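Residue numbers count from 1 along this sequence. Keep in mind that what you see is a predicted model, and the values were worked out from it rather than measured.
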Amino acid sequence: ILPYAFYNCVSLDEITWGTYLESIGNCAFSKCNSLTNVSIPSSVNTLGNNVFYDCISLKKASIGKNTQFIGENCFEKCSSLESIDLNSKISTIPYKSFYNCISLTNVTIPSSVTSIDSYAFLNCSSLSSINLGTNTTKIGFGAFNECKNLYNVTWPSKLTTIEAEAFKNCTSIKTIVLPQYVTTIGDSSFKGCTSLTNVNLKNTRIGAAKTSQGFVEKSRREISKNP
């Protein structure tokens, strides 16, 4: 399916996919405001950028089991999206993939994912739980910024890097226990996490210089880290 093929088809409410479909181009279904459910077939290996951008009625989406690449901004501004089923072949959650998906409540990142890129879940204000895949090593700049309802984060054991502003203004997080391979916490990573009461860095490999700005402006009761 080529780019912009069904762009702004505001009355389109159902898609029946072809058996041999391999890719869906940039913005192919952007602004299809009547779509409510999308299930990408297993034949598709690539989703382009902005494929379902601003599909404001889309509530449920599942990615085909053989899809290996999701483009940037793929589900951006899908404000009704409540659930997303990701497959086990995706390696990256790209830039602004789910930006402003304000109805999304929980996400499980598959073990195939190694990187969550910048702003991937920015302003997912209903997101309460995120289960990060076991092989995720990097959480990008502002990836969960403004996820104000997020309180439960399952940290992957192989995580090494939390970039700047990754969890900025996540005002419901209360406890953080980071795994042993974490070496970097970026500036303002947890700035504005006003409910945060306990941070445990005891088993990590980070030095004081790398964490000095990561927790500014939080309600701090206890921070534990290596001497």
Side-chain angles (χ1 to χ4, degrees), residues 63 68-70 72 84-99 104 106-122 124 127-147 149-227:
I63 307 300
Q68 298 182 38
F69 179 80
I70 298 177
E72 296 179 353
I84 178 71
D85 184 10
L86 300 170
N87 70 28
S88 59
K89 292 190 176 181
I90 299 167
S91 61
T92 301
I93 307 297
Y95 173 81
K96 284 189 174 181
S97 302
F98 300 97
Y99 165 54
L104 193 63
N106 61 78
V107 176
T108 297
I109 305 297
S111 59
S112 56
V113 171
T114 58
S115 175
I116 299 175
D117 287 354
S118 299
Y119 301 125
F121 295 92
L122 173 64
C124 289
L127 186 65
S128 61
S129 178
I130 181 78
N131 189 341
L132 298 171
T134 55
N135 292 307
T136 301
T137 60
K138 186 194 79 170
I139 299 174
F141 187 100
F144 296 95
N145 193 343
E146 299 290 341
C147 292
N149 202 42
L150 183 63
Y151 70 89
N152 183 32
V153 180
T154 302
W155 303 97
S157 60
K158 296 182 180 180
L159 184 66
T160 63
T161 302
I162 300 173
E163 292 190 349
E165 301 185 16
F167 293 90
K168 182 180 176 182
N169 292 331
C170 291
T171 54
S172 296
I173 292 180
K174 294 183 178 181
T175 300
I176 296 170
V177 181
L178 295 180
Q180 63 176 332
Y181 294 111
V182 173
T183 58
T184 303
I185 298 177
D187 287 358
S188 303
S189 297
F190 297 93
K191 179 179 180 179
C193 293
T194 53
S195 297
L196 191 60
T197 60
N198 192 327
V199 178
N200 190 334
L201 310 178
K202 184 176 180 180
N203 295 319
T204 66
R205 302 181 181 184
I206 46 186
K210 292 183 178 179
T211 65
S212 59
Q213 296 298 316
F215 297 92
V216 296
E217 291 186 18
K218 73 178 190 66
S219 177
R220 181 178 60 186
R221 295 182 184 175
E222 178 182 353
I223 295 182
S224 300
K225 67 179 179 179
N226 291 319

Worksheet entry | Under 3.5 Å donor-acceptor, Thr137 side chain and Leu159 backbone | no
For residues 164-174, tabulate all N or O donor-acceptor pairs below 3.5 Å that involve a side-chain atom, not counting sequence neighbours.
from: Asn169; atom 1: ND2; to: Glu146; atom 2: OE2; distance (Å): 2.8
from: Thr171; atom 1: OG1; to: Lys148; atom 2: O; distance (Å): 3.3
from: Ser172; atom 1: OG; to: Lys148; atom 2: O; distance (Å): 2.6

Worksheet entry | Contact check, side chains of Ile109 and Ile90, non-hydrogen atoms, under 4.5 Å | no
Worksheet item: If you measure from CZ on Phe141 to CD1 on Ile116, what distance do you get to the nearest 0.5 Å?
Response: 16.0 Å
Item to complete: Hey, could you give me the CD1/CD1 distance between Ile63 and Ile84, rounded to the nearest 0.5 Å?
Response: 4.0 Å
Response to the item:
Rounded to the nearest 0.5 angstrom, the CD1-CD1 distance for Ile139 and Ile185 is 10.0 Å
Worksheet item: Within a strict 4.5 Å, meaning less than it, do heavy atoms of the Leu104 and Phe121 side chains meet?
Response: yes
Item to complete: Supply the atom-to-atom distance Ser97 OG to Leu122 CG, rounded to the nearest 0.5 angstrom.
Response: 11.5 Å
Discussion item. If I compare all heavy atoms of Tyr181 with all of Ser157, which pair ends up nearest, and what's the gap?
Written reply: CD1-O, 3.1 Å
Worksheet item: Considering all heavy atoms of both residues, which atom of Pro179 and which atom of Pro156 are nearest to each other, and what is their separation?
Response: CG-O, 3.1 Å
Worksheet item: What heavy-atom pair brings Asp117 and Thr92 nearest, and what distance separates the two atoms?
Response: OD2-CG2, 3.3 Å
Enumerate donor-acceptor pairs with a distance under 3.5 Å from any side-chain N or O in residues 129-136 to protein atoms, sequence neighbours excluded.
from: Ser129; atom 1: OG; to: Asn152; atom 2: ND2; distance (Å): 3.3
from: Asn135; atom 1: OD1; to: Lys158; atom 2: NZ; distance (Å): 2.8
from: Asn135; atom 1: ND2; to: Ser111; atom 2: O; distance (Å): 2.9
from: Thr136; atom 1: OG1; to: Val113; atom 2: O; distance (Å): 3.3
from: Thr136; atom 1: OG1; to: Gly133; atom 2: O; distance (Å): 3.2

Fill in: Gap between atom CG of Leu86 and atom CD1 of Ile93 - 0.5 Å precision
5.0 Å
Worksheet item: Rounded to the nearest 0.5 Å, how far does OG of Ser188 lie from CD of Glu163?
Response: 13.5 Å
Discussion item. Restricting to non-hydrogen atoms, name the atom on Ser88 and the atom on Ser112 that form the minimum distance, rounded to 0.1 Å.
Written reply: O-CB, 3.0 Å
Fill in: Shortest non-hydrogen separation from Tyr95 to Tyr119 and the atoms involved
CE1-CD1, 3.6 Å
